[in-house]
Amino acid sequence: MLVAEEWNKDRTTPLISINTKPGLDVKSTSLTVQLAERVLRIYTQEELNLRSVMVRIDTIDDLFKLKESEFGRPRPRHGLNLLYWFAHDYVNVNSNNRMVPLAHPKTGLYGFHMFHNFPQAKGERPLPSHNLPYFEVGNLNAPGANRLPQYVMQDFTHQRDDSNKDRIIVRMRGDVLEKVYITEHIDKTDFGRTHEISQDLLATIKNMKRKEFLQKMEPPRNNNPLRPKNGCCCTIL
């Protein structure tokens, strides 16, 4: 009995061919088919695991890149106010230059809850697979979310609009915030654009006033080239 492994042209999916010697009984052939199917399942699972591990997410490390990402805009989205609260009030840096939270996300304060990183509609996970836990915050309907500042909650309409779209997801290593991500819901289950936020950017936001931070995130105003700078419009007949 010989089970030969071949690969398709893109080298991603194994093709299993079975060669048997003449006179092989049906029972042996059945066992061979079962073995081939088992090998195929193993390779398929390994391929799926590889795809989930290889999720690539860009890192935003300055205000300009954050503005370009359009995270939390336009109103009534709450992501920018949520991020300001997170950086300014929730995160501190310890003597080892590690980010630590005001309270561990597992307590459920501020609406934090476990993020399971399930595969989405296309089979890809929104974040890299890891054995460390993820937690998310930003769902204004979640138990404990009423502890968030009023400025985070102020535009929440309780309707099916964009006022509850934005999320912050953290990966915890013990009591340390190892990774911080911002993302947005595109429907009830799937997420859209996701970015990692650097520790340096969080430190920058922490040292800013909220009004200043929000002003820096505003898109540039479109100037009408046909309108005079003094604001006066005249028509000469």
Hey, are the side chains of [X] and [Y] touching, using non-hydrogen atoms and a 4.5 Å cut-off?
X      : Y      : answer
Leu140 : Leu148 : yes
Glu212 : Met208 : yes
Asn81  : Gln154 : yes
Arg98  : Val93  : no
Val91  : Val100 : no
Phe213 : Tyr84  : yes
Met172 : Leu177 : yes
Val170 : Phe86  : yes

Between [atom1] of [X] and [atom2] of [Y], what distance do you get to the nearest 0.5 Å?
X      : Y      : atom1 : atom2 : result
Arg73  : Leu214 : CZ    : CG    : 11.0 Å
Arg210 : Asp89  : CZ    : CG    : 10.5 Å
Asp200 : Asp62  : CG    : CG    : 10.0 Å
Leu132 : Arg173 : CG    : CZ    : 4.5 Å
Gln150 : Met153 : CD    : CE    : 7.5 Å
Leu66  : Ile205 : CG    : CD1   : 6.0 Å

(message) Quick one about His78 and Asp155 (side-chain donor to acceptor, distance below 3.5 Å, no hydrogens or angles considered), yes or no?
(response) no
(message) Hydrogens and angles aside, do Arg77 and Asn164 bring a side-chain donor and acceptor to less than 3.5 Å of each other?
(response) no
Are [Y] and [X] connected into the same hydrophobic cluster when the rule is that any two of I, L, V, M, F, W, Y join if their side-chain heavy atoms are below 4.5 Å apart?
X      : Y      : value
Ile168 : Leu201 : yes
Val152 : Leu202 : yes
Leu82  : Leu63  : yes
Tyr134 : Val176 : no

(message) Do the side chains of Glu184 and Arg193 get close enough for a salt bridge, i.e. N-O under 4.0 angstrom?
(response) yes
(message) Applying side chain to side chain contact (heavy atoms under 4.5 Å, CB included) to Met114 and Phe135, what does each step give before you reach the verdict?
(response) CA-CA 4 Å; Met114 184 76 75; Phe135 296 88; 4.2 Å; yes
(message) Working note: Ile60 + Ile182, criterion side chain to side chain contact (heavy atoms under 4.5 Å, CB included); need CA distance, chi angles, decisive distance, verdict.
(response) CA-CA 10 Å; Ile60 296 178; Ile182 55 172; 4.3 Å; yes
(request) On the 0 to 90° scale, with breaks at 30° and 60°, tag the His158-Phe156 ring pair as parallel, tilted or perpendicular. (result) tilted
(message) Parallel, tilted or perpendicular: which one describes the rings of Tyr90 and Tyr110, with boundaries at 30° and 60°?
(response) perpendicular
Under the 3.5 angstrom rule, does the side chain of [X] hit a backbone N or O of [Y] as a donor-acceptor pair?
X      : Y      : result
Asn117 : Leu127 : yes
Ser163 : Thr157 : yes
Asp162 : Lys165 : no
Lys67  : Glu218 : yes
His104 : Gly174 : yes

(request) Report the residues that fulfil salt bridge (Lys or Arg N to Asp or Glu O under 4.0 Å) with Arg171, sequence neighbours left out, ordered by chain and then residue number. (result) Glu178
(request) Apply side chain to side chain contact (heavy atoms under 4.5 Å, CB included) to Leu109 and Arg147, showing your working. (result) CA-CA 7 Å; Leu109 286 174; Arg147 298 283 298 272; 3.4 Å; yes
(message) Testing the basics here: between Gly123 and Pro119, what is the closest heavy-atom pair and its distance to 0.1 Å?
(response) O-CB, 3.8 Å
(message) How close do Gly111 and Ala142 get, counting heavy atoms only, and between which atoms?
(response) O-CB, 3.8 Å
(message) Between Asn139 and Arg167, is the side chain to side chain contact (heavy atoms under 4.5 Å, CB included) condition met? List the steps.
(response) CA-CA 7 Å; Asn139 182 354; Arg167 300 289 187 271; 3.6 Å; yes
(message) Quick test of your reading: applying ring-ring contact (aromatic ring centres under 6.0 Å, His included), list the pairs with at least one residue in residues 166-189, sequence neighbours left out, ordered by first then second residue.
(response) His185-Phe191
(message) Can you confirm whether Asp175 is buried at CG, in the sense that more than 12 heavy atoms of other residues, nucleotides or ligands lie under 6.0 Å from that atom?
(response) no
